[in-house]
Asks: 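Handing you this structure, nothing more for now.
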Amino acid sequence: MSDAASILEVKDLVTAFDTDAGRMTAVDGVSFDVPRGKTLGIVGESGCGKSVTAFSITRLLPQPHGKILGGSIRFEGRDLVTLPHDEMRKLRGNDISMIFQEPMTALNPVQTVGKQLAEAILLHTECSKTEVLAKCVEMMKKVRIPAPEQRLQEYPHQLSGGMRQRVMIAMALINTPKLLIADEPTTALDVTVQAQILELIKDLQSDLGMSVILITHDLGVIAEVCDEVAVMYAGRIVERASVFELFANPRHAYTRGLLESIPRLDSKPKALLKAIAGNVPSIADFKPGCRFADRSGKEHSADQLNQRAAFVEVSANHWVENCPICVA
């Protein structure tokens, strides 16, 4: 259902890749909304389809192998799946921006930081050199990079990991987007820099009034900055709720497993952390029914393995994939 309060509505998204072994479905019937001015967290282990979902929204899937096979992605009422490429290029980096997972590979190593920031501006607006420089300096100051005029003349390898991540944020926000997709923005950063980056995103969101999709495997990060959270497993969303509701009342076994793996201050000395047995299945091994069955430690019937459970609302705005074995 369309909601005027939502800037982005993803419904029944199916994304697949053509491989030598055949077509593999990486995102299988994913649905969620992003409210205006709010932050949605998408959490799950590596290989669950979080980044593929983000690349589907921005239409940055590797070509010609990546394909959106079904569903809709509506941004302010416009379906991005059917939007012509020229129109999508105007939106991408302007109204919708993305912070990529690894800044060292996302930034061009043979171009200065200033040139890459300027390119992001010039692709969408006509500005003089003086105006471009002023915008770049202003954005570098907003992301709290010291001596911005000097840093603009430097190359990515001359900056620290935290500084490169701030440059990526500056590049994503230079055109004041309405929606920011942050794909693991704190990966490989130490905890102090991670806290600074998260605080920076929150402050900039407040200043610019933008919506944010935060993709991470860290539930601590989700608790810190998100309003709502979608738990993703093996290409599907298995649970979705507000952050407070999800942490207080997790219903799916996978969500409970993730929460139990978080270190707690009240844990006994030398107590071992709980872990979810096994690994996320390969995309080639995704089952048509419950995909968490092999790791749940509980017996599933043939029907439960072969038929997908309905995604139901178990309480107000709390949705779960209703496998009777995995849902408490």
Side-chain angles (χ1 to χ4, degrees), residues 6-8 32-44 50-51 53-55 57-58 60 75 92-107 113 116-117 120-121 135-146 148 151 156 159-232 242-244 246-247:
S6 297
I7 193 168
L8 182 77
F32 59 83
D33 296 344
V34 182
R36 292 181 184 273
K38 300 293 185 181
T39 300
L40 171 73
I42 302 179
V43 67
K50 306 184 302 298
S51 294
T53 300
F55 288 131
I57 293 169
T58 52
L60 287 174
F75 176 75
R92 192 191 303 124
N94 193 22
D95 289 336
I96 304 174
S97 282
M98 186 165 176
I99 303 172
F100 294 96
Q101 189 168 143
E102 179 45 64
M104 195 63 233
T105 54
L107 292 169
V113 167
Q116 294 181 67
L117 272 178
I121 298 171
K135 282 189 175 185
C136 290
V137 170
E138 179 187 4
M139 185 51 69
M140 294 281 271
K141 287 178 179 177
K142 278 188 177 180
V143 298
R144 302 170 194 165
I145 293 180
R151 299 300 184 193
L159 306 179
S160 68
M163 204 75 82
R164 287 195 295 268
Q165 193 63 280
R166 290 170 190 268
V167 170
M168 288 297 300
I169 294 172
M171 192 177 298
L173 299 182
I174 197 100
N175 293 315
T176 58
K178 298 174 182 177
L179 174 66
L180 174 68
I181 302 173
D183 187 5
E184 304 271 14
T186 57
T187 296
L189 300 178
D190 62 58
V191 291
T192 304
V193 177
Q194 174 177 294
Q196 293 172 352
I197 294 295
L198 292 175
E199 189 64 33
L200 174 61
I201 291 174
K202 285 169 66 178
D203 290 347
L204 291 170
Q205 179 184 19
S206 177
D207 292 344
L208 301 174
M210 64 185 176
S211 304
V212 177
I213 297 176
L214 178 64
I215 296 170
T216 182
H217 59 268
D218 189 338
L219 275 165
V221 170
I222 292 289
E224 179 92 12
V225 300
C226 294
D227 301 294
E228 298 181 4
V229 56
V231 180
M232 198 163 184
S242 71
V243 168
F244 294 110
L246 190 95
F247 275 71

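All values derive from a computational prediction rather than experimental measurement.
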Asks: Could you grab the distance from atom OG1 of Thr58 to atom CD1 of Ile96, nearest 0.5 Å is fine?
Replies: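 Atom-to-atom, Thr58:OG1 and Ile96:CD1 are 8.0 Å apart.
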
Asks: How would you list, by chain and number, every residue that makes a salt bridge (Lys or Arg N to Asp or Glu O under 4.0 Å) with Asp203, sequence neighbours excluded?
Replies: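 For Asp203, the residues satisfying salt bridge (Lys or Arg N to Asp or Glu O under 4.0 Å) (neighbours in sequence not counted) are Arg144.
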
Asks: Could you work out, with side-chain contact (heavy atoms from CB on, under 4.5 Å) as the rule, every residue matching Asp227, not counting sequence neighbours?
Replies: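 Scan of Asp227 (side-chain contact (heavy atoms from CB on, under 4.5 Å), adjacent residues dropped) gives Lys38, Thr39.
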
Asks: Under the side-chain hydrogen bond (donor to acceptor under 3.5 Å, both in side chains) rule, what pairs show up with a residue in residues 216-226, not counting sequence neighbours?
Replies: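 Checked against side-chain hydrogen bond (donor to acceptor under 3.5 Å, both in side chains) - neighbours excluded - the pairs reaching residues 216-226 are Glu184-His217.
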
Asks: Roughly how far, to the nearest 0.5 Å, is the CG atom of Asn94 from the CD1 atom of Ile174?
Replies: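 Between atom CD1 of Ile174 and atom CG of Asn94 there are 12.0 Å.
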
Asks: Going by side chain to side chain donor-acceptor pair (under 3.5 Å), name the residues that satisfy it together with Ser51, two or more places apart in sequence or in a different chain.
Replies: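 Per chain and number, Ser51 pairs via side chain to side chain donor-acceptor pair (under 3.5 Å) with Asp183.
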
Asks: With Pro156, which residues qualify under side-chain contact (heavy atoms from CB on, under 4.5 Å), at least two apart?
Replies: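 Pro156: side-chain contact (heavy atoms from CB on, under 4.5 Å) contacts with Met104, Leu107, Gln116, Arg164.
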
Asks: Measuring only between side-chain heavy atoms, which start at C-beta, is Leu214 closer than 4.5 Å to Pro185?
Replies: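 Yes, at least one pair of side-chain atoms sits under 4.5 Å.
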
Asks: Ile213 versus Thr53: any side-chain heavy-atom pair under 4.5 Å?
Replies: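 A side-chain contact is absent here, since even the closest heavy-atom pair is not under 4.5 Å.
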
Asks: Minimum heavy-atom separation for Leu179 to Val212, with atom names?
Replies: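 Smallest interatomic distance, heavy atoms only, reads CD1-N, 4.3 Å.
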
Asks: Name all residues meeting the side chain to side chain donor-acceptor pair (under 3.5 Å) criterion together with Ser211; count only those two or more places apart in sequence or in a different chain, and write none if there are none.
Replies: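 Side chain to side chain donor-acceptor pair (under 3.5 Å) check on Ser211 returns nothing, list empty.
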
Asks: Going by side chain to side chain donor-acceptor pair (under 3.5 Å), name the residues that satisfy it together with Lys178, two or more places apart in sequence or in a different chain.
Replies: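 Expected list: Glu76.
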
Asks: Phe100 and side-chain contact (heavy atoms from CB on, under 4.5 Å): which partner among Met168, Met171, Gln165?
Replies: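 When Met168, Met171, Gln165 are each tested with Phe100, the side-chain contact (heavy atoms from CB on, under 4.5 Å) holds only for Met168.
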
Asks: Kindly give the heavy-atom pair with the smallest separation between Leu117 and Met140, and that separation in Å.
Replies: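 It is CD1-SD, 3.7 Å.
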
Asks: Is any side-chain heavy atom of Val221 closer than 4.5 Å to a side-chain heavy atom of Gln194?
Replies: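 They are in side-chain contact.
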
Asks: In sequence, state the C-alpha distance, the side-chain angles, and the governing distance for Ser97 and Asn175, and then conclude on side chain to side chain contact (heavy atoms under 4.5 Å, CB included).
Replies: CA-CA 9 Å; Ser97 282; Asn175 293 315; 5.8 Å; no

Asks: Testing the basics here: between Ala230 and Leu40, what is the closest heavy-atom pair and its distance to 0.1 Å?
Replies: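 Minimum heavy-atom contact is N-CD1, 4.2 Å.
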
Asks: With side chain to side chain contact (heavy atoms under 4.5 Å, CB included) as the test, would you mind laying out the steps for Leu173 and Leu204 before giving the verdict?
Replies: CA-CA 9 Å; Leu173 299 182; Leu204 291 170; 3.2 Å; yes

Asks: When you look at NZ of Lys202, are more than 12 heavy atoms from neighbouring residues, nucleotides or ligands closer to it than 6.0 Å?
Replies: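 Enclosed.
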
Asks: Could you tell me which non-hydrogen atom of Leu219 sits nearest to which non-hydrogen atom of Phe247, and how far apart they are?
Replies: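 For Leu219 versus Phe247, the nearest heavy atoms are O-CZ, 3.5 Å.
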
Asks: Would you confirm whether Gln205, through its side chain, and Met210, through its main-chain N or O, come within 3.5 Å as a donor-acceptor pair?
Replies: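 Present.
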
Asks: In chain order, what residues pass the salt bridge (Lys or Arg N to Asp or Glu O under 4.0 Å) check against Arg151, with sequence neighbours excluded?
Replies: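 Testing Arg151 for salt bridge (Lys or Arg N to Asp or Glu O under 4.0 Å), a comparison that skips the adjacent residues, returns Glu154.
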
Asks: What pair of heavy atoms forms the shortest contact from Val113 to Leu159, and how long is it?
Replies: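 In terms of heavy atoms, the two residues are closest at CG2-CD1, 3.8 Å.
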
Asks: Not counting sequence neighbours, which residues clear side-chain contact (heavy atoms from CB on, under 4.5 Å) with Thr192? List them please.
Replies: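 side-chain contact (heavy atoms from CB on, under 4.5 Å) list for Thr192, sorted by chain: Asp190, Gln196.
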
Asks: For the CD1 atom of Ile42 and the CE atom of Met232, what is their distance to the nearest 0.5 Å?
Replies: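 These two atoms lie 7.0 Å from each other.
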
Asks: Could you tell me the separation between the CD1 atom of Ile99 and the CD1 atom of Ile197, rounded to the nearest 0.5 Å?
Replies: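 Between Ile99 CD1 and Ile197 CD1, I get 8.0 Å after rounding to 0.5 Å.
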
Asks: For Glu138, which residues count as a side-chain contact (heavy atoms from CB on, under 4.5 Å) partner, sequence neighbours excluded?
Replies: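 In terms of side-chain contact (heavy atoms from CB on, under 4.5 Å), with neighbours along the sequence ignored, Glu138 is linked to Lys142.
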
Asks: Identify the two heavy atoms, one from Met98 and one from Phe55, that lie closest to each other, and give their separation to 0.1 Å.
Replies: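 Nearest pair, atom of Met98 first, then Phe55: CE-CE2, 3.6 Å.
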
Asks: Using 0.5 Å steps for rounding, measure from the CZ atom of Arg36 to the CD1 atom of Ile7.
Replies: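 Atom-to-atom, Arg36:CZ and Ile7:CD1 are 5.0 Å apart.
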
